[in-house]
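Quick notes on the structure that follows.
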Amino acid sequence: MEKIYNFKEVEAKWYKYWIENKIFSTKPDKNRKPFTIVIPPPNVTGSLHMGHALDNILQDIIIRFKKLQGYNTLWVPGTDHGGIATQNVVEKLLKKEGKTKYDLGREKFLEKVWQWRAETGDIILEQLKKFGCSLDWDRTAFTMDESRSKAVKKSFIYLFNKGLIYRGKRLVNWCPSCSTALSDIEVEYENEKSSLWHIKYPLKDSKEYVIVATTRPETILGDTAVAVNPDDARYTKLVGKTITLPLINREIKIVADYMVDKSFGTGAIKVTPAHDTIDNDIAKRSRLDIIEIINAGGTMINVPSKYQGLNTEEARKEIVKDLDAIGSLVKTEDYTHSVGKCYRCSTKIEPLMSEQWFLNVTEMSKKAVEAANDGITSFHPKSWKKPYIVWLENLRDWCISRQIWWGHRIPVYYCVDEKGNRNNCKSIASFDKPVECSCCKGKNFVQDEDVLDTWFSSALWPMSVFNWGEDDNNEDLKYFYPTSVLVTGHDILYLWVARMVQFSLEFMKNIPFNDVFIHGILKDKHGRKMSKSLGNVVNPMVIMSQYGTDALRFALAQVAAPGRDLQISDELFLTARNFANKIWNASRFIIMNSEGIDKLDNDIQLSELADYWIITEFANTVSKVKAAYESYNIDSSVREIYDFFWTKYCSWYIEFSKIRILSTNLNTKKQVLSMLVHILKSTLQFISPIMPFIAEEIWQILNKASNIKTLSESSLFEVKNGNAESIEKMKVLQDIIVNIRTLRSEMNISPAIKLEALFNVLEDNKETIVKENENYIKQLAKISTIQFCKNMKRPKNSALAITGSFEIFLPLEGLIDTKKEKARLMKKIGFAKQEVDRITLNLDNENFIKKAPDTEIEKIKTRLNEAKLKIEKINGTLKFLE
RNA sequence: GGGCAGUUAGCUCAGCCGGAAGAGCAUUUCCCUUACAAGGAAGAGGUCGCAGGUUCAAGUCCUGCACUGCCCACCA
């Protein structure tokens with residue numbers, strides 16, 4: 001074995017093997033419990049980033065652990081067509097050729113997108129393989145393949161016929177750059193510096209006026225009212241009066257509406273129902289006219305010719321200038337407010353009136369809320385439950401249509417005449433083009449031009465990957481559905497998770513998953529979001545090639561506390577890589593020493609204190625690790641395994657084992673090697689969900705590569721029970737060893753120099769423990785001989801190491817620096833005195849004695865005695881240093 | 001405006017069933033000891049954000065405040 005773990009070779013070898021032997025393929029098996037995860041399908045655009053790495057690695061860890069526990073695990077892979085995002089990417093490519101999608105036309109353009117997907121779509125899947133993901137590749141799905149399309153159509157038609165999907169002209173969020181409507185949740189708000197313009201609105205036939213404050217003066221041309229709060233004493237007498245709008249002299253009313261905040265600006269607001277959500281609501285309540293003045297291209301319409309055709313920004317400049325000129329502009333102040341932007345291209349959203357398809361979600365939301373309240377869907381961490389419910393409760397109807405070409409085209413057909421003009425017949429939702437119109441018997445139809453929001457097909461994903469829509473009663477769906485857990489970041493909790501629950505409750509009458517595991521969002525080492533503009537994006541592929549996949553996985557798992565954002569840095573990966581190397585070398589030591597010895601791990605025998613101790617420590621670790629895995633606290637499993645393996649197993653147990661390994665008695669050697677191998681193999685099982693490659697490699701070497709069966713196909717070993725006593729006893733030895741080492745280190749005594757030790761026994765019952773393990777103390781503390789005695793005075797020129805049970809004198813003729821030794825001991829007395837003071841204070845407290853539990857009192861009394869004894873002994877020794 | 005997190009060693013974070021402050025990285029000293037220098041041994045470093053309260057005992061429970069971050073909201 002090489003001295004340094006060569007991850008490149010190992011990773012390539014094992015993933016290939018796993019795939020070729022279909023280790024991750026699963027079929028329904030009624031004798032075993034299923035455990036299912038459906039991948040959050042990454043968009044086919046581009047490649048996977050660190051966030052994907054985190055999300056998928058966490059899923060893989062859970063799946064692999066459950067598999068070891070004996071579940072029939074299935075993890076379904078797939079990708080998302082990614083609607084707007086993908087269309088934008090392809091449009092950009094076209095732009096480089098100097099073309100637009102309109103040059104190609106719908107059909108040709110779509111061909112182009114499909115072609116692009118064929119070329120690049122699989123990059124992502126290959127990357128998932130590199131992460132080591134144990135996905136069942138035979139089930140790879142795509143949100144726009146045939147089966148998934150059937151699911152989309154089926155659900156749409158069902159909802160349409162139920163009257164939940166309807167078409168209407170409403171105020172929607174419009175992205176002028178993507179030229180499509182967006183749902184409320186696809187709008188992201190950002191604070192932006194702007195101005196607040198105060199404008200005089202004169203009352204008709206009067207010298208009086210009302211001042212309104214606005215951030216959008218250009219929409220003045222679309223105003224159809226001024227609104228004030230009905231309780232605002234300043235304005236009560238003006239409600240119902242008429243105002244003449246500046247610049248265009250349109251007469252509008254002053255209306256009262258509770259929505260108006262008295263304290264904002266002047267307490268009076270201009271109402272532009274066609275281009276503002278609140279204004280639109282006010283207009284509904286007060287039955288105001290709606291005048292559209294901005295079109296889908298973001299330019300002014302239905303306005304005086306001097307403004308006609310300007311974009312909103314130009315119009316704003318002109319209008320402010322003109323208002324100023326006629327003396328209507330009272331003042332302009334700096335103002336910061338939040339502005340809605342497109343989540344795909346960051347263009348400012350233009351609210352405008354548009355004919356769109358909507359899904360009425362009222363009933364679905366109610367059911368989803370019930371499911372969450374009843375705990376049928378449970379959140380990890382649970383703090384997400386409340387925001388999730390609040391969101392569902394305040395949901396407006398979902399705008400599901402998009403004016404783009406790439407996506408599931410809305411399966412609604414309109415009856416048309418020969419010239420293509422729409423007849424006044426009922427529109428039909430149908431899988432295929434209808435044959436005959438039920439109203440007029442006409443035979444000509446056109447399909448709706450719009451496509452569905454990409455999240456519509458995503459919402460069906462957990463069902464559609466099992467071919468719901470094509471065959472609703474298939475075995476897979478019956479067996480694997482509902483899935484066990486959904487793993488995702490909180491950024492798409494509403495966008496996606498909530499909708500899957502809604503759709504699943506509607507179509508399957510069941511939840512799509514039992515648990516929702518919400519992890520944090522990745523940040524850089526300074527806590528900043530990773531973004532291309534900051535240049536702090538860490539590419540997982542680069543990390544893998546530098547540190548190895550297991551290191552990447554370990555590092556991410558280590559910081560993946562549920563719900564908390566995680567910061568990653570080079571040091572993190574370095575630590576992870578070092579840990580892999582530690583595992584490698586510990587294994588290497590054991591493997592090198594077991595050459596020529598067969599069947600090591602069967603039937604282990606505990607013969608010495610260290611054996612009982614390590615078994616006990618391991619049993620404790622295992623129970624913590626299991627609990628951590630099961631509650632999605634992957635970070636704690638990592639910590640527990642790391643600490644156990646490095647500190648307990650390597651630093652203590654392996655060091656202890658060396659004496660027996662070097663023993664000439666073959667049975668002794670075999671016994672300890674069996675212990676070592678047993679614990680190692682068991683540890684490999686527990687670390688394998690996190691570091692599958694190195695675990696598999698060592699597992700195979702340990703199993704002598706014959707009759708190969710992979711680690712992931714093994715079942716967790718039974719863990720033997722230990723005893724708490726062994727931990728106490730081992731502590732005695734560790735105390736002695738550490739104390740002597742500290743002394744040596746502080747006195748600068750080279751490990752090459754072996755020392756004689758005199759053990760003055762303070763606690764009789766501890767003597768046996770030491771006697772039985774004398775060799776280990778000698779070995780690890782570099783002691784040549786140990787002599788036991790009682791009531792001994794400090795020999796000349798010796799240094800003192802003191803534990804709870806022993807006073808250890810180390811004769812240091814020629815090595816001891818009396819001054820140094822004195823200072824060292826004085827420091828120890830200092831610590832002990834602090835301890836005595838602290839405990840005495842407690843014991844002197846009547847209430848403490850009265851109210852604290854006896855065990856606690858006993859405990860600190862023991863500590864007090866130890867500290868006092870220590871002081872006494874050290875003082876006794878100090879006398880000899882005078 | 002509402003809600004949710006966080007605030008512990010120089011940095012990143014554990015600890016939160018209340019009973020002697022922990023890890024990794026960085027740092028200091030010693031050591032290339034036959035598993036590992038990507039390592040070993042030892043050390044230094046913390047009035048656990050602030051102020052109250054409950055308690056014999058508070059990093060840990062309660063209240064308030066401050067700062068940081070996130071989410072939600074119709075900031076016109």
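In what follows, every chain begins at residue 1, and chains take the letters A, B, ... in the order their sequences are listed.
Using a 4.0 Å heavy-atom criterion, one finds that I4(A) contacts the bases of the nucleic acid, with or without backbone contacts as well. No engagement by D276(A) is indicated, since no non-hydrogen atom pair under 4.0 Å with the nucleic acid exists. Looking at heavy-atom distances under 4.0 Å, Y5(A) makes no contact with the nucleic acid at all. Within 4.0 Å of E835(A), counting heavy atoms only, lies at least one base atom of the nucleic acid. If you check every strand for non-hydrogen atoms under 4.0 Å, K386(A) touches sugar and phosphate atoms only. No engagement by V559(A) is indicated, since no non-hydrogen atom pair under 4.0 Å with the nucleic acid exists. Across all strands shown, P381(A) has no heavy atoms under 4.0 Å from either base or sugar-phosphate atoms. The residue W197(A) sits apart from the nucleic acid: no heavy atom pair falls under 4.0 Å. Within 4.0 Å of K754(A), counting heavy atoms only, lies no atom of the nucleic acid at all. E856(A) comes within contact range of at least one nucleobase, with a heavy-atom separation under 4.0 Å. Residue contacts for S651(A): at a heavy-atom cut-off of 4.0 Å it reaches the sugar-phosphate backbone alone, with no base atom in range. R744(A) comes within 4.0 angstrom of no nucleic acid atom, judged by non-hydrogen atoms across all strands.
Listed nucleotides rC36(B), rA76(B), rA35(B) differ in distance to K3(A); the shortest reach to its side chain belongs to rC36(B). Closest contact between the side chain of S745(A) and the listed nucleotides rU29(B), rA20(B), rA14(B) involves rU29(B). Nearest nucleotide to the side chain of K582(A), out of rC4(B), rC75(B), rA35(B): rA35(B). Relative to the side chain of N748(A), the nucleotides rA38(B), rG43(B), rC30(B) differ in distance, and rC30(B) lies closest. Considering only side-chain atoms of N847(A), the nucleotide from rC56(B), rA41(B), rC70(B) that sits closest is rC56(B). Of the candidate nucleotides rA35(B), rA20(B), rA76(B), rA76(B) has the atom nearest to the side chain of V260(A). The side chain of Y642(A) approaches rG24(B) more closely than any other nucleotide in the set rC75(B), rA14(B), rG24(B). Proximity note for M592(A) (side chain, C-beta onward) versus rG39(B), rA35(B), rA42(B): the nearest is rA35(B). The K851(A) side chain lies nearest to rU55(B) when the options are rC4(B), rU55(B), rA76(B). Of the candidate nucleotides rG19(B), rU12(B), rA42(B), rA42(B) has the atom nearest to the side chain of R741(A).
Distance CD (E571(A)) to P (rU27(B)): 11 Å, rounded to an integer number of Å. Atom pair K262(A):NZ and rC75(B):P shows a separation of 18 Å (rounding to whole Å applied). The nearest whole Å value for the distance from the CG atom in N394(A) to the C1' atom in rC71(B) is 13 Å. In this entry the distance linking NZ of K861(A) with P of rC56(B) reads 19 Å, nearest Å. Note: CG (N578(A)) to P (rA38(B)) measures 8 Å, nearest angstrom. One interatomic measurement links the two molecules: CG of D735(A) to P of rA42(B), which rounds to 12 Å at whole-angstrom precision. When rounded to the nearest whole Å, the span between CD1 of I269(A) and P of rA76(B) equals 10 Å. In this structure, I583(A) places its CD1 atom 13 Å from P of rG39(B), rounding to the nearest Å.
Where pairing requires Watson-Crick or G-U contacts shorter than 3.5 Å, the helical stems of RNA chain B with at least three consecutive pairs are B:1-7 with B:66-72, B:10-13 with B:22-25, B:27-31 with B:39-43, B:49-53 with B:61-65.
The number of heavy atoms from other shown groups lying within 6.0 Å of NZ (K385(A)) is above 12. Under a cut-off of 6.0 angstrom, the local environment of CG in N394(A) is crowded, with over 12 non-hydrogen atoms contributed by other residues, nucleotides or ligands. Within a 6.0 Å radius of CD in E846(A), no more than 12 heavy atoms belonging to other residues, nucleotides or ligands are found.
A donor and an acceptor atom never sit less than 3.5 Å apart when one is taken from the side chain of R639(A) and the other from the base of rA23(B). Between the side chain of R577(A) and the base of rA38(B), at least one donor-acceptor pair of N or O atoms lies under 3.5 Å. For rC25(B), the base has no donor-acceptor partner in the side chain of T575(A) [N/O atoms by modelled type, under 3.5 angstrom]. Between the base of rA35(B) and the side chain of E655(A) there is a donor-acceptor pair shorter than 3.5 Å.
F517(A) has its ring centre no less than 6.0 Å from the ring centre of H380(A).
Nucleotides rC48(B) and rA58(B) have their P atoms positioned 12 Å apart, rounded to a whole Å. Between the P atoms of rA44(B) and rG53(B), the separation comes to 35 Å (whole Å). Rounded to whole Å, the P atom of rU8(B) lies 13 Å from the corresponding atom of rU60(B). rC50(B) sits 44 Å from rA37(B) when the P atoms are compared, rounded to a whole Å.
Note on D281(A) versus R396(A): salt bridge recorded, some NZ/NE/NH1/NH2 to OD/OE distance being below 4.0 Å.
Taking CD of E746(A) as the reference point, atom CG of D817(A) lies at 13.0 Å (rounded to 0.5 Å). In this structure, OH on Y632(A) lies 12.5 Å from OG on S637(A), to the nearest 0.5 angstrom.
Of the possible polar contacts, one joining the E186(A) side chain to the S183(A) backbone as a donor-acceptor pair under 3.5 Å is found.
Aromatic ring orientation, Y494(A) versus W384(A): perpendicular (interplanar angle above 60°, classes split at 30° and 60°). Relative orientation of the F579(A) and Y642(A) rings is tilted, given thresholds of 30° and 60° on the angle between their planes.
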